[in-house]
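A quick write-up on the structure given underneath.
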Amino acid sequence: MLRTHNNGELRLSNVGQTVTLCGWVQRTRDKGGMIWVDLRDRFGITQLMLEEGQSSKEALATTRSLGREFVVSATGTVVERLSKNDKIPTGDVEVKIDTITILNPAKLPPFLIEDITDGGDDLRMKYRYLDLRRNPVRENLILRHKMAQQVRSYLDSQNFIEVETPVLIKSTPEGARDFVVPSRMNPGEFYALPQSPQTFKQLLMVSGFDRYFQIVKCFRDEDLRADRQPEFTQIDCEMSFVEQEDVLQLFEGLIRHLFKTIKGIDLPELTRMTYAHAMKYYGSDKPDIRFGMQFVELKSEEVDLTSGKGFPVFDGASTVVGINAKGCADYTRKQVDELTEFVKRPQIGAKGLVYLRCMADGSLKSSIDKFYSPEDLKTWAEAFGAEPGDLMLILCGEGDKARKQLNDLRLEMGNRLGLRDPEKFAAHWVIDFPLFEYGEEDDRWFAMHHPFTSPKPEDIQFLESGDFGKIRANAYDMVINGVEIGGGSIRIFQKDLQAKMFEALGFSDEEAKHQFGFLMDAFEYGAPPHGGLAFGFDRICSLFGGSDSIRDFIAFPKNNSGRDVMIDAPSSIDAKQMDELKIKTVL
Ligand code: ASP
């Protein structure tokens, strides 16, 4: 070893010892008579000290020539510090240097390697290896490492076996867009990178592995957002001879194990909510239940407190729905206008926002009180359970579309009112997802989860009758703080039912055979009932780390255009490679 200790371990008990440390120069302070150097490595910072008249001329000269981020080795004696630094674990001591050697000089880094840096996103991505030297970024990756260790430990204790599945697989039409890889040995043919190991893990169940998991890279060629990356990591799991309840229990156990071991938090038992309930009361299939503010319907299939009073906007809408922002009745005109602008943004797309204030004296004021009598407003206020000081915010439109808009407003109000504390965790399952969703553009039904998800037995009749919208699936998502961190389903394991499912999705027999023949064949050789799920590992890490961005928890992430700006990928390949692959460029 080039060193006797790392930079995070010296304490008062080491005083008097001769030590050799290595690391990067964080900063030097030269006060003439004394020079101090903060020496950094992954483990921490230790202060080196040299004194005019006591340290050798050579050591003083070398130290004076050091720049930021030089890599050095230094030998000296551990001494107690006169002025201690209680902010760092090594702050009681410093090392009085006898010899110091530059192992490698460094160019001035393009941004400060400090917790708070002056480097913008692009620059830090280009020099990611320097960004990774910064404490906050490194700590994120250490957190990720610990999480992966705990995932393995828990699943191993539950008899799961980690199996690697292939990365060069077959392109399939369902789901997101595939990344494809041309095959040199089979010109004109392509592999696809897996969007998930779904079919392989099901085949492992047919093989009798019983319990499988894998911490695995998956690839989806989708447009990117802050919480998406073209390649990302899943904790992928599958179990045999189980029902939905077993899967929910076991993976609730995993998440609670992670909270306990990583954060020291005893997560309460996860509550459950049906998809239908989530949509009706939160306008989202992943409600943030750290706070209430559930939707109240003034007009829907079940109630109508708004029609026939001459307000054409509400009369023309099938749904009028709102939230009660408690204690916000004193919002100024400007604040309400801001909220109106917020819901009118194209990403949300509401036409306008109606409010109802319940004043301190209990009287009601609304932006549309010229249409509605005080009695009308009173019935609304009662529906909202309004108390003096409350502000009701109301949107209208068509069914789930209006509800989804109100979901955005609910979350915005949650933010404004400080109800979404990242250090508070509310975890729950959303269950009973629909099996299918209708794609207006393509005018056909799509599998809401994926085509291998089994319908609830009692709803299979609707598969026969063609009532696809009514079929519920044995599918579930785990949601924490409004983030979908995992999801899965009980699978179809009978060939006939799987064939019916493909038919419902518009596959011809030949197409189904061509795409998924291997799975249907396997189902004929003794497939056990099975089910499972996958967690978004990057997302869980960012949630545990208190950040919205999964990028901060990936060592070498891609930017918003799917580029790795450090290695400059994707990039063109040379003509010889193109020839070998029999690919012609047509631009
Ligand atoms: N393969 C699914 C996904 O990636 C998860 C599952 O059903 O297990 O979403």
Side-chain angles (χ1 to χ4, degrees), residues 151 155 160-167 169-179 192-206 209-222 227-240 242-244 246-252 254-255 275 285-286 429-437 446-456 472-480 483-493 498 501 505 515-516 519 527-540 550:
V151 167
L155 291 175
F160 281 75
I161 298 174
E162 187 164 11
V163 182
E164 289 172 84
T165 52
V167 171
I169 65 165
K170 184 182 171 80
S171 185
T172 55
E174 283 296 297
R177 219 173 282 116
D178 285 323
F179 280 103
L193 304 182
Q195 296 185 26
S196 86
Q198 184 61 35
T199 48
F200 289 96
K201 66 176 172 176
Q202 292 192 239
L203 292 172
L204 287 170
M205 295 303 104
V206 178
F209 273 73
D210 206 279
R211 291 182 172 200
Y212 140 95
F213 87 100
Q214 185 179 191
I215 298 183
V216 60
K217 272 288 172 74
C218 300
F219 306 85
R220 292 182 194 172
D221 188 3
E222 292 175 304
D227 63 345
R228 280 211 190 134
Q229 282 276 307
E231 53 176 302
F232 59 98
T233 304
Q234 286 191 340
I235 311 169
D236 190 45
C237 311
E238 197 75 7
M239 312 167 72
S240 289
V242 286
E243 292 178 311
Q244 170 165 308
D246 307 303
V247 181
L248 300 189
Q249 293 282 347
L250 201 130
F251 291 99
E252 174 165 341
L254 170 62
I255 219 70
Y275 171 87
D285 59 2
K286 42 178 181 299
W429 291 104
V430 176
I431 56 173
D432 295 355
F433 274 81
L435 187 64
F436 295 105
E437 65 188 332
F446 288 86
M448 193 146 183
H449 187 50
H450 52 53
F452 317 108
T453 295
S454 86
K456 285 197 174 290
R472 289 163 308 155
N474 269 325
Y476 32 80
D477 277 355
M478 190 188 283
V479 177
I480 302 185
V483 180
E484 179 211 321
I485 62 150
S489 59
I490 296 298
R491 325 296 184 188
I492 297 170
F493 66 103
Q498 189 64 71
M501 183 71 186
L505 292 169
Q515 296 295 341
F516 298 110
L519 188 69
H530 59 285
L533 85 182
F535 288 102
F537 186 52
D538 314 283
R539 277 195 197 168
I540 304 190
I550 63 170

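We count ligands from 1, going down the list as the structure has it; atoms in each ligand are counted the same way.
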- line: Atoms of ligand 1 under 4.0 Å from any heavy atom of Gly488, numbered from 1 in the order shown, are 6 (C), 7 (O)

field: Numbering as shown, the atoms of ligand 1 that approach Lys201 to under 4.0 Å (heavy-atom distance)
entry: 6 (C), 8 (O)

- request: With heavy atoms only and a cut-off of under 4.0 Å, state how Arg491 meets ligand 1: side chain, backbone, both or neither.
  value: side chain

query: Do ligand 1 and Gln195 have nitrogen or oxygen atoms that lie under 3.5 Å from each other?
result: no

- prompt: Pro451 and Ile492: which non-hydrogen atoms are nearest, and at how many Å?
  reply: O-CD1, 3.9 Å

- prompt: Which atoms of ligand 1 have any heavy atom of Ala534 under 4.0 Å away?
  reply: 5 (C), 8 (O)

- prompt: ligand 1 versus Ser196, non-hydrogen atoms closer than 4.0 Å: side chain, backbone, both, neither?
  reply: side chain

query: Hey, does the side chain of Arg491 reach the backbone of Gly531 with a donor-acceptor pair shorter than 3.5 angstrom?
result: no

query: What part of Arg220, side chain, backbone, both or neither, has a heavy atom within less than 4.0 angstrom of ligand 1?
result: side chain

message: Can a side-chain donor-acceptor contact be found between Gln214 and Thr165 if the only test is distance below 3.5 angstrom?
response: yes

task: Could you go through the ring-ring contact (aromatic ring centres under 6.0 Å, His included) check for Phe452 and Phe516 one step at a time?
output: CA-CA 10 Å; Phe452 317 108; Phe516 298 110; 5.3 Å; yes

- request: Considering heavy atoms of the protein only, find what lies nearest to atom 5 (C) of ligand 1 and give residue, atom and distance to 0.1 Å.
  value: Gly487 O, 3.5 Å

- prompt: Which residue supplies the protein heavy atom nearest to atom 9 (O) of ligand 1, what is that atom called, and how far is it?
  reply: His449 CE1, 3.9 Å

- prompt: Is there a nitrogen or oxygen of Glu238 sitting under 3.5 Å from a nitrogen or oxygen of ligand 1?
  reply: no

field: Least distance between heavy atoms, Ala176 atom then Gln195 atom
entry: O-NE2, 2.6 Å

- prompt: What's the shortest distance from atom 2 (C) of ligand 1 to any protein heavy atom, and which residue and atom give it?
  reply: Gln198 OE1, 3.5 Å

task: With sequence neighbours left out, write down each residue that passes ring pair (Phe, Tyr, Trp, His ring centres under 6.0 Å) with Phe537, or none if nothing qualifies.
output: none

task: May I ask you to list the atoms of ligand 1 that are less than 4.0 angstrom from any heavy atom of Gln234?
output: 3 (C), 4 (O)

- line: Residues passing the ring pair (Phe, Tyr, Trp, His ring centres under 6.0 Å) test with Phe213, sequence neighbours excluded, are none

message: Quick check: do Leu435 and Arg472 have side-chain heavy atoms less than 4.5 Å from each other?
response: no

